[in-house]
Amino acid sequence: MATRQRPGASRDVRMRGFAERADVEDVERFLAGRTLPLGAESVPLLECAGRVLAGGIVSEVDVPGFARSAMDGYAVRGEDTFGASDYDPLSLEVIGVALPGRPFDGEMGVQQAVRIMTGAPVPAGADAVVMAEVCEEQGGRVVVSEPVAPRKNVGVRGEDIRAGSAVLPSGRRLRPQDAGLLASIGIADVACVRRPRVRLVITGDELLAPGETPSGARIVDSNSVVLRALVERDGGVCLPYEILPDVPERISAALAEPGADVVLVSGGSSVGQEDHAPRLVAELGTLDFHGVAMRPSSPTGVGRLPGERFVFLLPGNPVSCLCAYEFFAGPTLRRLGGRSAEWPHRRVRLPLARKISSAIGRVDYVRVAVEDGQVVPLATSGASILSSTVRATGAVIVPRGLEGMPDGAEVEVLLYDSESVEGPL
Ligand code: AMP
Ligand code: MG
């Protein structure tokens with residue numbers, strides 16, 4: 001394994017380059033083997049949609065808790081209507097009204113009816129509801145011109161959910177309708193997997209804060225903007241952060257600060273003179289990997305800080321930063337949050353319009369456009385060219401064992417957009 005180090009080791013690789021690089025799969029396996037969902041926290045019902053259930057839910061109640069009318073009409077005893085027709089209608093005595101939330105609180109006898117609206121409790125003594133369309137009420141009586149079978153138009157108690165039944169499994173990512181169902185069984189707070197807390201440590205003497213205008217030799221920090229959105233997508237929460245200069249003491253203090261489950265360092269991850277983060281991580285905890293056989297993002301590092309917090313050293317080049325996040329930090333955040341580690345992108349399989357070159361032993365993350373049903377690798381693809389990811393429809397991953405992919409080969413594209421790609425397809 002490339003540059004694996006023991007806790008506390010502080011081998012300084014600055015200006016010496018990587019001796020070897022780890023395989024992407026080894027890093028992925030390492031992370032997968034050490035990541036379990038975080039504990040549970042109580043989430044108010046109104047905020048639970050999209051969250052992951054920390055335990056299965058069993059209903060303690062029947063829904064509905066009473067037999068209810070499925071129609072506007074008249075509650076009757078079905079057998080009292082037998083034989084009713086247009087030519088030979090039957091007449092029943094109307095003894096009251098049942099509305100949703102306002103039941104009729106008497107008992108209905110033979111040849112009697114109660115006017116009833118959808119959702120109202122069916123009165124004692126009634127076993128069916130005859131719909132308003134075949135009834136005519138006049139002077140305290142209703143004339144019924146169609147028979148109705150017992151149980152017809154009556155929703156039985158518990159028809160939606162029965163008390164004691166399992167309604168949602170542990171690990172479920174709650175859909176809007178799931179949250180509605182939890183409301184319907186009387187739940188106010190939901191035990192959900194805690195969202196991983198992420199500290200961004202954005203480093204670089206050259207950086208201006210997002211919102212500022214680039215000037216002279218200074219560039220605007222775009223990585224934090226991208227990372228925040230990715231963390232949000234993957235269910236994490238970013239803690240407040242600041243942009244730090246390439247000053248070891250400042251970076252070290254940020255790494256040591258408690259409160260985060262995962263630390264993402266942007267910039268200074270390589271072997272340059274101002275690349276302090278790898279050494280600092282090795283001093284504070286373990287630098288498990290430094291240098292990965294991939295393009296872009298080869299100067300990526302993965303380590304652990306005290307308290308079993310993962311730290312990802314993401315190269316400063318914007319495409320590298322995005323790519324290293326997607327390969328390593330994203331799956332880790334999703335696992336911690338109880339979600340699937342799978343890449344969340346929609347995928348399509350389409351033929352390559354032009355070949356992609358790679359090298360055996362290296363994983364490539366290639367930005368592509370989808371044009372006329374074909375996959376076109378983008379020419380300007382340097383790790384510093386953020387606009388390549390903006391022009392791209394998605395990315396193709398060339399696995400380690402391939403030298404490249406020939407034109408015409410069918411490839412899988414990880415699409416950047418979740419909506420339909422009608423149009424270019
Ligand atoms: P580094 O990984 O620190 O060697 O940076 C590599 C390249 O990425 C340099 O050109 C940096 O100026 C640039 N860079 C570093 N951090 C950021 C950032 N937060 N946003 C945009 N570009 C960055
Ligand atoms: Mg730098």
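Each ligand, and each atom within it, is numbered from 1 in the order the structure gives. Small disclaimer: the values here were computed from a predicted structure and weren't measured.
The heavy-atom pair separating Gly119 from Phe66 by the smallest distance is O-CE1, 3.6 Å.
Under the 4.0 angstrom criterion for non-hydrogen atoms, Gly268 is in contact with ligand 1. Close to ligand 1: Ser266, with a non-hydrogen atom less than 4.0 angstrom away.
Between the side chains of Tyr365 and Glu326, no donor N or O sits under 3.5 Å from an acceptor N or O. Side-chain contact of Thr393 with Tyr416: a donor-acceptor pair under 3.5 Å is absent, judged by distance alone.
Salt bridge Glu412/Arg347: present, at least one basic N to carboxylate O contact under 4.0 Å. Ion pairing of Arg400 with Asp23 is present here, as a side-chain N (NZ or NE/NH1/NH2) and a carboxylate O approach within less than 4.0 Å. Taking the charged nitrogens against the carboxylate oxygens, Glu232 and Arg195 do have a contact shorter than 4.0 Å, which makes a salt bridge.
Ligand 1 has no N or O atom lying under 3.5 Å from any N or O atom of Ser269, backbone or side chain. Considering backbone and side-chain atoms together, Gly267 places no N or O closer than 3.5 Å to any N or O of ligand 1.
The side chain of Leu207, and not its backbone, has at least one atom closer than 4.0 Å to an atom of ligand 1 (non-hydrogen atoms only; side chain from C-beta on). If you look at Ile219 next to ligand 1, the close heavy atoms, those under 4.0 Å, all belong to the side chain.
Side-chain atoms of Arg250 do not come within 3.5 Å of backbone N or O of Asp246 as any donor-acceptor pair.
In terms of protein heavy-atom proximity, atom 21 (C) of ligand 1 is closest to Ser222 OG, 3.5 Å. Closest protein heavy atom to atom 18 (C) of ligand 1: Asn223 ND2, 3.3 Å. Protein heavy atom closest to atom 19 (N) of ligand 1, with residue, atom name and distance, is Asp221 OD1, 2.8 Å. Summary of contacts: the protein heavy atom closest to atom 7 (C) of ligand 1 is Asn317 OD1, 3.4 Å. The protein atom (non-hydrogen) at minimum distance from atom 4 (O) of ligand 1 is Asp275 OD1, 4.1 Å. Ranking the protein heavy atoms by distance from atom 15 (C) of ligand 1 puts Gly316 CA, 3.5 Å first. Ranking protein heavy atoms by distance to atom 12 (O) of ligand 1, first place goes to Glu206 OE2, 2.5 Å.
A side chain to side chain donor-acceptor pair (under 3.5 Å) check over residues 197-215, counting only residues at least two apart or in different chains, returns nothing.
Partners of Arg157 under the side chain to side chain donor-acceptor pair (under 3.5 Å) rule, at least two apart in sequence or in another chain, are Asp62.
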